[in-house]
Amino acid sequence: MEESTLQLISGIGAKLGQLARPNKDVLVKSLRQVVSALSQIEQPSVVEVAAKAQVLRELEAATKPLRNSIVKHGLPNHTDKDVRLLVAICVSEFFRILAPQPPFADKHLRDIFKLIISIFSELADTTSAFFSRRVKILETIARCKCCVIMLDIGCNDLILEMFKTFFSVVRDHHQQSLINDVLSIMTHILNEEVSHQLMDVILGNLIQESKDAPSAASQLAASVIQSCAEKLQPFVCGFLTSCSLDRDSVGSELKEFYHEIVLKIFQCAPEMLNAIIPSLTQELMTDQVDVRIKAVNLIGKLLLRPEYRVAQRYHALYLEFLKRFADKSSEVRVTALQCAKACCLANPSGIESLELLPAIKDRLLDFDDKVRMQAVIVACDIARSNLKYTSHEFVSEFTERLRDKKISVRKKTLQKVMEVYRDYCNKCAEGHITICDRFEQIPCKVLMLCYDKDCKEFRSQNIELVIAEDLFPILLPVEERTRHWIHLFSLFSPSHVKALSAILSQKKRLQTEMRNYLVLRRKEKEINSEDMQKKLRSSFVKMSASFPDPSKAEECFDKLSQMKDNKIFSSLGQLLDEVTLKSAMAIRDKFLKVIGNKHPHYEFLQLLCSKCLFNIFDSEHVSCILNLISSGGLESNHLEAFSIELLLVIISNFPSLMRGSELELCLLFEEKYLIHDKIIQVLVKAGPHISVKFSDFYPVLKKICLEGTRPQSKYAVSAIASLIDVSEPYVFSELCEELVDSLHRGRNTATVLQSLGCIAQYSVSTFEHHDKEITQYVYKKIFQAKSLDDPSVTEDSSGCTTCKLKIYGLKMLVKSFLPHRGSQISRPINSLLGTLLKMLQKEDVLDDIISCAGDRDYIRLAAAKSVLQLSRRWDLHISPDIFRPTILMGKDDSSSVRLSFLDKTYKLLKERVIPIRYASAFTLATADGFKDRQHSFKYMVEFIKEYNREAKKRRTSMVQGGSIVDYPAYLVVFLIHLLAHDEGFPPEGCQDEAIYAQFCSPLLLFLHTSISSNNVDDDMDIVNVAAFYLYYIFRAIKRAKDAIDVQRTPRLHFLADVGISGVNSFYQKGISSLPRPEMILLPSSLYKITPMQNEEANWKSFTHTFVERVVHIFKSQISLPVGSVRKRGRKCHEDDSFILVSHKQEDFSTRGADQVHKKSTRQGVNLGCRGRCAVSPDALGSVGSRNKDSNEQEYGASNSSESALEKGKSFSSHSFTQKPSQMESKVSTQKVGRSSTSDGNVAADKSHTAGASNNCKESGTRNEVLIGQRIKVWSTFDSCFYSGTVDDFNPENNTHKITCDSGEVEILCLDSESWETISNCSLMAREVQPSDTQNTLHLRQCVKDTVDKLRSDARQESKTKLNMEDCKVPCREKKKEERSKNSSSVSEVMNIDEDAVARRTRSRKV
């Protein structure tokens, strides 16, 4: 230490002390000298204490004048920054050289520290010229540890201010030395003393996220906590505990950031929170949702630090956290999912991640759609982060949300799974993972969205765009795309193939229609007619169907058509012709760039271009598939078959894509590839569109026709037909000769027969040249052979070899009568139809054809299917004798035969290639007794729905000359004929309405289904038309007779009455509001015209009451809800679409007359007068033996049915709304009433009714008398009696307690049941009296008088001749004037009010 330096400092100090008010310049000049001098003085380093004290005394003496001058002139509070900075430097140097003694007295130190803190506040300005000096001051103060002096002098407020200053000025770009100096100062103070104020400042900056100091202040606070953890722990834990237990009592504003503080502290000093973390369990269980959300968020973030093992150290907390995935609040569940996602992404292989996955899967099925949506997002993001180790099950579960009930969830799922699949494709292309099933299932499920009818966003029009534009990454090579397509196609089910084919066919239709439109547009310039405009509008409608919004698209097409810019249409034509996607995309981009995005139709043109492109499959895909097959480049051999199937799907829709790949296709026609039938089908589809030599394929195809399998030979003939040139007509002739020769030699007979049948379809002349030879061989050598052998045919469950060959021969003959392209056939078909008639018989009349009994079912099934096929073209030649056994295959005893026939019928009807009369098989198959009747019912519903839609579309054309035969309702014409000729028709003497109801159930079920709005999407217009046609068809049938067997005419009329009553019951609106048809067409092969007078005289016997009860019984069996069936009726059959109570099927055809007679007699004894209420249909001709009153009642009832329906009144409209007990009561009442009338004793009936009041007075006594007696109660549901003993009677509710023999106890109101007493005497049925005797008598008398008055008019009307040439039954139309002057039917005379009274009376419970 030099004496001159100390003297300089001392002199300057003394000089300044002498000045009264030194100016700035003097101060700055003097202080600069002092600063320079002080920097040269080192702190005493003498070891000896005495020497060091001596040195300090010298320094203190030398600096004292200056220190006194600083205090004297108040330089720490000087207003000039330069002065203040120089003073601060001097002060910091004084602290350094004079340590450990403070350079100033305590009373002056406060100002000194305020000066120093003010200098610290300017540390944020790193660009200042004085920044280095300020850093030097900080460094000096930190080394001296002089800030702790503020604690001694009570400057806690300054310490607090200094802490705040440090946090406010620290920056991320500050040097680490500066940060360390700040941290040193703060640590020294905190190690000496900690206060709540300092803790608040530290914690506040710990969670600070301001833009000025986004992380530096927080990092500084974390460093402070980490350095002073031991000192701060009591304060921090106390604060956090108070926030957790009683947050309201905490005064600090930081209590709202309690969870953020815990997280930050856990990240920097986790050991401080050992006592706090477990208390979070209570927060997870609190009632406050926001607290639970914050706690879940906190724990989720804690789990992101696997090194601290939170789940293991705080296991109870972790378990409670897992429970929050099932929290009652959806917001909490969503937060838990977000935390799980962060944890799984941060540590995918950690234990916590594996444990969180099941919780995520569970939330995929959450009842809240927002939670399910979040679960899908989380699951997909987790899968994307770790594709290689994502399980198949996990992918399946989150992909399943594509079928979610909420459209918003489905949309989000579609978006996310597409992201997953694109990432997967990129990883496969990069070689990180291989193609696998777990991700290929995603496009499969996306395709299934096409079947979602609830959301227009998922229709095939939109899914097409998803598959074309969003499925694969844009830059993914074509070969990679093709490999993915082949692999995912291997996972396709028939539904997937159907969906993909629907999308491709939709694109094909648009492209075809667009080509047609461009042609029409060119013609429009030449021919601008109204007809051309109609064609253009029709084209717009067809093309618009391929767009998500057809109406908007149609409007855009219309506006686009009005534009005169031919460049647009020229570019569209180029897009349609370009078969490579890369070139087409270049054309599209150029086109869109030319028109510009400001074009009014830019978006529509952009979408239209996408629709016109081959952007799903192009020619490069086809070439790639062929190369992969021929070169063996597929990953697995089993993929070869699927690649060919995929190729077939593509070529079936876009055969032009095969152009340019002819050579690769030829390579596939080597012998090793012929095991795949699909390759030949590809050639069939592509043949007309490619340029190949016929000679390159013919040898192989010819060999297949002779030696291949039956499917192969079929496609081989088709391929030859597609490749053959007009100049090569001899090809089929030569091939047919070789096939006939092979047939005679017995070589591969099954295949040869197939080839011959197919040739007959493509070349009629060729087959007819060999027809006689082939036909004779089939009849003699195949049909009449007892044993046939063919190595190519194997025996299985579908029949023996001989049986199969006979079926193949039959199929060949059938095909020979069904040529393609509408060719004419000169050969007669009668011989084939005669053979089919024999084959269809169940009796043993085919001994020359059927070699064994086991083959009978298969031969009959093949014959029935052959009839179906022939009906495509030869339906007019198929007689009723053939039609009936064909349709009855739907009721065959063999379930496999029955289902096979129904499936074939449904397929042909769906293709619209056979007449609708064959749908009768569905209705017959719905009869009780078949376990698979629901299958038939489904087919029937689909038939009614689809054909009604088409008929409705043709409504306009029908008004202009259409036919009623277009409607499904016309099916009843054939159904009634089938039922009338059914061997199971109830025999003469049968008096059980339930049996008639069971037999008529196919007819009634068809009516119920046809008139039900649920089966036609609530389209009441279709329902109205169906009821209208059904009604008039039944009326027409009642005016006709059976053309085949006149003895069965009564059955036709009975079934027609049942039909009218059924329509009346099921349809409540009435027919009169609809216009009557001019005529009803009936097939002349089934019906003949009969004069009206004969109809009344000979064929009227069944009363309306009987028919109405038949319908009532059927309706009660299908309309009862499951919950309303009583305990003993639970044996009934229940299904999804209808409930039909099972009845035991009576086989009347196998029973003798004596048995029938005994049964009818026994029923007559059991039911009293009931035996005379119904007459067998076969005995309806003996009406003349009945008395006059009986005839009047029957005629009046029958006509009343028609009249009520015409006026919109339903006789039984109220009865079917009653409860089961009420319906049974009504049936019983009608039985008594009708039996009295049947006896012809009307007076007796009146007397019986008049005495009702007296019987009612005695009802209570009679009910009590039943106690202890044995009775049996009829169960409508089980169609049998249940016996039991009457134990008690309750007069309050008029119920009896009955203990059944089975042990069950039931409480029944016998007034609402059909029951009989069991005694040694004859069984006596209960008597039930009407509640309103006078009204009933008056009603009956009114109806009788009305009928008597109208009989003559009605008979006069029936004498009118009907003009029914060709079985056309015109409906009688009456003018309004005639209706007002001269009544001709009951419906036109009967008073509406009286009719209403009649219906109410019949519905009354008696």
Side-chain angles (χ1 to χ4, degrees), residues 414 418 443 446-447 449-450 456-472 474 481 485 499-521 536-561 563 565 567-595 597 599-622 649-650 652-657:
L414 179 60
M418 286 292 95
V446 170
L447 276 175
L449 292 175
C450 292
K456 64 179 182 180
E457 286 84 354
F458 297 138
R459 293 173 185 167
S460 57
Q461 295 90 335
N462 280 302
I463 299 301
E464 174 192 337
L465 299 175
V466 172
I467 297 297
E469 300 177 357
D470 299 333
L471 184 61
F472 297 108
I474 297 177
R481 297 189 183 206
W485 269 116
L500 178 60
S501 299
I503 291 174
L504 296 181
S505 61
Q506 174 182 272
K507 179 178 280 290
K508 175 185 176 182
R509 287 193 300 270
L510 174 69
Q511 294 177 349
T512 302
E513 199 58 41
M514 176 57 70
R515 291 189 179 94
N516 296 336
Y517 165 70
L518 294 178
V519 173
L520 287 174
R521 181 178 174 83
L536 288 175
R537 285 195 294 269
S538 175
S539 181
F540 295 159
V541 172
K542 293 177 182 179
M543 288 189 292
S544 300
S546 299
F547 287 79
D549 190 346
S551 59
K552 183 178 180 180
E554 185 177 350
E555 181 182 348
C556 291
F557 272 121
D558 187 54
K559 294 180 179 179
L560 189 65
S561 180
M563 299 179 63
D565 188 358
K567 293 181 180 180
I568 294 178
F569 303 100
S570 176
S571 299
L572 291 175
Q574 293 178 13
L575 287 176
L576 293 171
D577 296 334
E578 184 56 58
V579 294
T580 59
L581 180 59
K582 186 179 296 184
S583 301
M585 291 287 287
I587 295 173
R588 185 199 67 172
D589 295 341
K590 181 179 179 181
F591 164 66
L592 294 177
K593 184 177 180 181
V594 169
I595 64 173
N597 55 9
H599 191 279
H601 303 298
Y602 180 81
E603 293 183 359
F604 174 73
L605 288 172
Q606 188 179 29
L607 181 58
L608 179 60
C609 289
S610 179
K611 293 281 185 178
C612 293
L613 288 173
F614 290 100
N615 50 5
I616 298 180
F617 299 106
D618 66 346
S619 60
E620 292 184 359
H621 285 88
V622 173
V649 172
I650 299 172
S652 296
N653 291 280
F654 307 112
S656 61
L657 296 182

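Along the sequence shown, residues carry numbers from 1.
The closest side-chain donor-acceptor pair between S539 and N516, if any, does not fall under 3.5 angstrom.
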Given the rule in the side chain to side chain contact (heavy atoms under 4.5 Å, CB included) test, do Q461 and K611 qualify, once you have shown the distances and angles that lead to the verdict?
CA-CA 9 Å; Q461 295 90 335; K611 293 281 185 178; 4.1 Å; yes
Give the intermediate values and the outcome of side chain to side chain contact (heavy atoms under 4.5 Å, CB included) for residues I503 and L447.
CA-CA 9 Å; I503 291 174; L447 276 175; 3.7 Å; yes
Using the side chain to side chain contact (heavy atoms under 4.5 Å, CB included) rule, take L576 and L518 through it: C-alpha gap first, then chi angles, then the decisive distance, then the call.
CA-CA 11 Å; L576 293 171; L518 294 178; 4.1 Å; yes
K567 and V594: side chain to side chain contact (heavy atoms under 4.5 Å, CB included), yes or no, with the steps?
CA-CA 10 Å; K567 293 181 180 180; V594 169; 5.5 Å; no
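Smallest separation of non-hydrogen atoms from N653 and S501: OD1-O, 4.0 Å. Of all heavy-atom pairs spanning I595 and H599, the tightest one is O-CB, 3.6 Å. Closest approach of F569 to L560, counting heavy atoms only: CZ-O, 3.4 Å. Among all heavy-atom pairs drawn from S546 and L510, the shortest one is OG-CB, 3.7 Å. Across all non-hydrogen atoms, the minimal contact from S460 to Q506 is OG-OE1, 2.8 Å. Shown here for R588 and L613, the closest heavy-atom pair between the two residues is CD-CD1, 4.0 Å.
Rounding to the nearest 0.5 angstrom, the gap separating the CD atom in E464 from the CZ atom in F547 is 9.0 Å. Distance check: I650 CD1 to W485 CH2 gives 8.0 Å after rounding to the nearest 0.5 Å. Distance OG/S619 to CD/E578: 7.5 Å, rounded to 0.5 Å. M543 CE to T512 OG1: the interatomic distance, rounded to the nearest 0.5 Å, is 11.5 Å. Between the CG atom in L608 and the NE2 atom in H601 there is a gap of 12.0 Å [rounded to 0.5 Å]. The line from OH of Y517 to CG of L572 is 9.0 Å long, rounded to the nearest 0.5 Å.
A perpendicular orientation is assigned to the rings of H621 and F617, their planes being inclined by more than 60° (bins at 30° and 60°).
Looking only at side-chain heavy atoms (C-beta outward), L607 and P548 come within less than 4.5 Å of each other. When side chains are defined from C-beta on, L536 does not count as touching F557, because their heavy atoms never get closer than 4.5 Å. Contact annotation: the side chain of S610 never approaches that of Q606 to less than 4.5 Å [non-hydrogen atoms, C-beta and beyond]. Side-chain contact check for D577 versus R515: some heavy-atom pair is nearer than 4.5 Å. At least one side-chain heavy atom of N615 sits less than 4.5 Å from a side-chain heavy atom of L581. Contact annotation: the side chain of K507 approaches that of I616 to within less than 4.5 Å [non-hydrogen atoms, C-beta and beyond]. Between M418 and L414 the shortest side-chain heavy-atom distance falls below 4.5 Å. For the pair R521/S561, a side-chain contact is recorded, criterion being any heavy-atom separation below 4.5 Å from C-beta on.
Sparse packing is recorded around CD of E603, with 12 or fewer heavy atoms of other residues, nucleotides or ligands lying under 6.0 Å away.
Two rings, from F614 and F654, have their centers less than 6.0 Å apart.
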